[in-house]
Amino acid sequence: MAHPRKYDDSNPAIAKLREICLALPEVFEKEAWGECTFRVAGGSMFAMTDNNHHDSGHLAVWVKAPAMVQEILVNSDPKRFFTPPYMGKKGWVGVRIDYKVKWDQTAAILKDGYLMSAPKKTRDKAPTRLGAAAASTDPALRKKARPVR
């Protein structure tokens, strides 16, 4: 049985998250477990929304993270960062996108997760500074992609 959709496409935080993730080379969105997930073609999932997932009480994104990043971020600001269920034991970090969001920092965390998930040939195409492309209003700088449902 399919999970009911947990997110709202009209939410500006979800739209911003999509904009950042889909600006990365060969990224696509796929709905899974009722949430948005972001994956790299030929690679794996690197981010997943948490829209009150298992009654968490927040809107966040879970992101694949390099060693020690989860611990550093959670210790630096436990209201913004957390250890997500299931994926936390693998080093993923939860980043709230409904509380004191720093989109440049969130974009950098997402890019790190992407780089861990993407095949080498795809990683080499990643922009040096993700925030610039994701924040741009120039359509030539942003990847146009539709979510896969």
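FYI, the numbering just counts along the sequence from 1.
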Worked verdict on Lys64 versus Ser44 for side chain to side chain donor-acceptor pair (under 3.5 Å): CA-CA 10 Å; Lys64 187 182 274 192; Ser44 60; 3.2 Å; yes
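- Note that CG of Leu115 and NZ of Lys120 are 11.0 Å apart. Values are rounded to the nearest 0.5 Å.
- Residues Ile20 and Trp103 have side chains in contact (heavy-atom distance under 4.5 Å, counting atoms from C-beta outward).
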Audit row: Leu24, Val40, side chain to side chain contact (heavy atoms under 4.5 Å, CB included) steps and yes/no: CA-CA 9 Å; Leu24 291 161; Val40 186; over 6 Å; no
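- Looking at heavy atoms from C-beta onward, Phe82 lies in side-chain contact with Asp50 at the 4.5 angstrom threshold.
- Comment: Arg96 engages Asp98 in a salt bridge, judged by a side-chain N to carboxylate O separation of less than 4.0 angstrom.
- When all heavy atoms are compared, the tightest approach of Gly88 to Gln70 is O-NE2, 2.9 Å.
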Stepwise side chain to side chain contact (heavy atoms under 4.5 Å, CB included) test for Arg80 and Tyr99: CA-CA 7 Å; Arg80 286 185 51 227; Tyr99 174 80; 3.5 Å; yes
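- Here the side chains of Thr37 and Glu29 are not in contact, with every heavy-atom distance at 4.5 Å or above.
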Test log, rule side chain to side chain contact (heavy atoms under 4.5 Å, CB included), inputs Trp33 and Met48: CA-CA 10 Å; Trp33 311 288; Met48 173 183 154; 3.8 Å; yes
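- Looking only at side-chain heavy atoms (C-beta outward), Pro66 and Met116 come within less than 4.5 Å of each other.
- Side-chain atoms of Ile109 and Leu73, non-hydrogen and from C-beta on, do get closer than 4.5 Å to each other.
- Residues forming a ring-ring contact (aromatic ring centres under 6.0 Å, His included) with Tyr86 (at least two apart in sequence, or on another chain): His54.
- You'll find the side chain of Leu17 reaches within 4.5 Å of the side chain of Ile97, heavy atoms only.
- Val95 and Leu59 end up in the same hydrophobic cluster when Ile, Leu, Val, Met, Phe, Trp and Tyr side chains are linked at under 4.5 Å.
- When every heavy atom of Gly94 is checked against every heavy atom of Pro84, the shortest pair comes out as N-CD, 3.5 Å.
- Here the side chain of Ser117 pairs no donor or acceptor atom with the backbone of Gly43 at under 3.5 angstrom.
- Closest non-hydrogen pair, Gly113 versus Val63, comes out as CA-CG1, 4.2 Å.
- Other residues, nucleotides and ligands contribute at most 12 non-hydrogen atoms within 6.0 Å of the CD atom of Glu71.
- Side-chain atoms of Thr83 and Val74, non-hydrogen and from C-beta on, do get closer than 4.5 Å to each other.
- Residues meeting the ring-ring contact (aromatic ring centres under 6.0 Å, His included) test with Phe38, sequence neighbours left out: none.
- The shortest heavy-atom contact between Pro119 and Gly42 is CG-O, 3.3 Å.
- Residue Gly57 comes nearest to Asn52 through the heavy atom pair N-OD1, 2.7 Å, listed as atom of the first residue, atom of the second, then distance.
- Two different hydrophobic clusters hold Leu22 and Met45 under the rule that ILVMFWY side chains link at heavy-atom gaps under 4.5 Å.
- In terms of hydrophobic clustering, with Ile, Leu, Val, Met, Phe, Trp and Tyr side chains grouped at heavy-atom distances under 4.5 Å, Trp62 and Leu110 are assigned to different clusters.
- Between Pro25 and Tyr114, the closest side-chain pair of non-hydrogen atoms falls below 4.5 Å.
- Of all non-hydrogen atoms in Asn51 and Asp8, the two that sit nearest each other are ND2-N, 4.0 Å.
- Asn11 contributes atom CG, which lies 13.5 Å from atom NZ of Lys16 (distance to the nearest 0.5 angstrom).
- Of the inter-residue distances, the one linking Lys100 atom NZ with Lys102 atom NZ reads 8.5 Å to the nearest 0.5 angstrom.
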